[in-house]
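Contents: one structure, followed by commentary.
A, B, ... follow the sequence lines: proteins, then strands. Residue 1 opens every chain. All values below were derived from every heavy atom in this structure, side-chain atoms included, with hydrogens, water molecules and symmetry-related copies excluded.
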There are 2 protein chains.
Amino acid sequence: MELDKRREAILAAVIHRYITTAEPVSSSTIAEKYNLNLSSATIRHEMNLLEKSDYLWQPHTSAGRVPTDKGYRFYVDNLMKKTDLEESKKEQIMQIYRKSKEFEQTMKITSQLLSRLTNNIGLVLEPDFINNSLRRVQLTPVGNNRILVLIITDTGLVYQKLINLSGEISEDNLNYLSNFINSKLQEKNIDLANLYNILKEELKRILSLQEQFVFIHSLIEDCFNYRYFKDKVYLNGRINLIRQPEFRETEKLDYLLSFIEKENILAETIRRCLVWENTQVIIGQENRPKEMQDCSLITREYKIKGKPAGAIGILGPTRMDYSRVISIVEYISETLSEILSEF
Amino acid sequence: MELDKRREAILAAVIHRYITTAEPVSSSTIAEKYNLNLSSATIRHEMNLLEKSDYLWQPHTSAGRVPTDKGYRFYVDNLMKKTDLEESKKEQIMQIYRKSKEFEQTMKITSQLLSRLTNNIGLVLEPDFINNSLRRVQLTPVGNNRILVLIITDTGLVYQKLINLSGEISEDNLNYLSNFINSKLQEKNIDLANLYNILKEELKRILSLQEQFVFIHSLIEDCFNYRYFKDKVYLNGRINLIRQPEFRETEKLDYLLSFIEKENILAETIRRCLVWENTQVIIGQENRPKEMQDCSLITREYKIKGKPAGAIGILGPTRMDYSRVISIVEYISETLSEILSEF
DNA sequence: CTTTAGCACTCTCCTTGCTAGAGTGCTAAT
DNA sequence: ATTAGCACTCTAGCAAGGAGAGTGCTAAAG
């Protein structure tokens, strides 16, 4: 697993070259374009050894070398120098964010930024509702026994859910409930699970038995039971991948894209690899879902007022400019955290 | 422009065959597979004439024939027999719809259904807000001088908008405003433009001059001015197109997909071709945007409680099963209208 | 006059064989 | 330890040729 400096330099050069040209890299290119002061023969020799230890491979005998997953892994862990995003790019990003005052649009913009800046697929996971404390709940009748429930969290996020009751409820009762909930919420910060219990108790107290049957089921179970809250993933830039030579064959792309359309599975996949305040890089075969094993996934959490909220990421072929992509993901996660905290 | 019965039958056969195989159709295939009781030579003769009048064309001299846009147009207008969707499919669609109780999800499901059933791109335009009468407005404080405005229409749709005020407003004032608006709304059905004026007057009456400055700008202009409401298009199944042989070259696909990502232009394009209670078929070059001129667009309005609301459509290569696609679009538009009316 | 069999013709697609070039691994000399 | 030199391997590209698909035209048959 240990490589001497020279071999490392050659590996880095091969990866750098392959990332930019997408074509197998020959020993002579390295000798010419990278100032290693070595002849192509020496480089050839070293490349041969790198191949023997699985950092590189050859598509065929008379072709140049291509990095393996292991090669990329070593590069990311040991060789890559972290770059900072140029100030002008940072400014551009800020400008685009400034246009949006709305939560949903901010999410959308984020996924767009991620995909455009990296030419890969941009991913944004909505803030995880469960972790939040609640600030306010509002029940509004919408007609035909339907109620619009607004849940406003401490972090300023607004969730809405429209529910159908199987029976009637008076507007007075609804107001009473709203007020009851809000006064409870003001006493101390309460999360969804708490609210679920408190509300259930209160409904039992104030409602008749039949009424209980109607409301405890449709209002409480459908709405305040956290299991209801589904994963939402903002996806952008699927099309970018058809420009990548690794997806020249459309079946491959089809295979990947069909997979990532499954929102909940994708969200779970992303969540699984998150590490607090760390950018995660999952390369090729390291990905659990076999559909993603030709790709690398870069993820990072974002925060709202210091608390973990959701995650962003990018997905693209293993041949990607890791250094740049990581710096983009990190800057965007930081910026998004700031912006959502101000909301 | 007139064709005799036999020539029509041959044109129909060629189109039918081409739709299913995606390959140029030869005279002998027609002679063999379609019971026209004609030799391939005769069919060849007729095809030649069809080509001379631009209903068909040949990719090269020794290839079969392919329908032109004009050919498809004639087919759709004169030859195609309308089919009804099979009952089992209808039942499937209903079942999928039944799962969704929410507006946004219903929109999403609709675009999914359209794309899956036709293997093309499914399009759904959100109901047009402007045409609706209002039933109820609710102003909820969300903290940090932010107000969540809910607008509920007669047709039961809920629109929300979060606005930032540049100054403070008391919860009492907010409640007063909500009540004021709602009492006005109960008097008679009022649309957005009316509300805008009434509200402006009332704010002028109850607020001090500085307060007016703050609210009339941020509350009224940002929220009740209908220009705010942007087009939202639910798009689904972009990936389907890569399976179509006409998009084998990825640049073509890229070209089209980049275009349709422009939500407002796409919405405008769709709206432009709507005709009340009619399914519109726009074939190839008939499309205004040049990016869509290899495609056909099928659109139809849906209604909420009998009133025109939004539109659905599908977009795919000109080689599509028009009869089937139209029946799908029509059934889904009908079903969607019913479902949204019940909401 | 309409239909059709027959045939020459055209064009694509596939195969084959060949060459040039890229890039390698190995060996022997430095 | 490094490198020049060379034989070797594999691909990409091109040309030539043949098979096959499908046509348009002509002339004969209905």
Distance-only polar pair, side chains of Arg116(A) and Asn119(A), donor-acceptor under 3.5 Å: no
Distance-only side-chain donor-acceptor flag, Thr299(B) / Gln280(B), under 3.5 Å: no
Distance in angstrom units between Gln58(A) CD and dA22(C) P, rounded: 17 Å
Nearest heavy atoms of Tyr18(B) and Pro67(B), plus distance in Å: CD2-CD, 3.4 Å
Arg6(B) side-chain N/O to dT3(C) phosphate OP1/OP2 under 4.0 Å: yes
Rounded distance in Å - NE2 (His45(A)) to P (dT27(C)): 13 Å
Arg288(A) atom CZ, over 12 foreign heavy atoms within 6.0 Å: no
Sugar-phosphate only, base, or nothing, as touched by Ala41(B) at under 4.0 Å among non-hydrogen atoms: base
First encountered from the 5' end of DNA chain D, between Gly64(B) and Lys52(B): Gly64(B)
Which nucleotides of DNA chain D pair, in dot-bracket form (Watson-Crick or G-U under 3.5 Å, | meaning another strand): ||||||||||||||||||||||||||||||
For chain B, the stretch of DNA chain D it reaches, first to last nucleotide, under 4.0 Å of its heavy atoms: dA21(D) to dG24(D)
Residue from Lys89(B), Arg324(B), Lys90(B) passing salt bridge (charged side-chain N to carboxylate O under 4.0 Å, His left out) with Asp84(B): Lys90(B)
Pair Thr29(B), Tyr34(B): side-chain N/O donor-acceptor within cut-off below 3.5 Å: no
Nucleic acid contacts of residues 15-31 of chain A, taken as heavy-atom distances under 4.0 Å to DNA chain D: none
Ser296(B) side chain to Thr318(B) side chain, donor-acceptor N/O pair below 3.5 angstrom: no
Phosphate OP1/OP2 of dT10(C) contacted by Ser62(B) side-chain N/O (<4.0 Å): no
Geometric cation-pi criterion Lys108(A) and Tyr234(A), 6.0 Å radius, 45° cone: no
Other residues, nucleotides, ligands: >12 heavy atoms within 6.0 Å of Asn35(A) CG: no
Ring geometry between Tyr322(A) and Tyr72(A) (parallel below 30°, tilted from 30 to 60°, perpendicular above 60°): tilted
Distance in angstrom units between Asn37(B) CG and dT2(C) C1', rounded: 15 Å
Residues Arg319(B) and Glu23(B) bridged, charged N to O under 4.0 Å: no
Upstream residue (5' side of DNA chain C) when Pro59(B) and Ser39(B) are each assigned their closest nucleotide: Ser39(B)
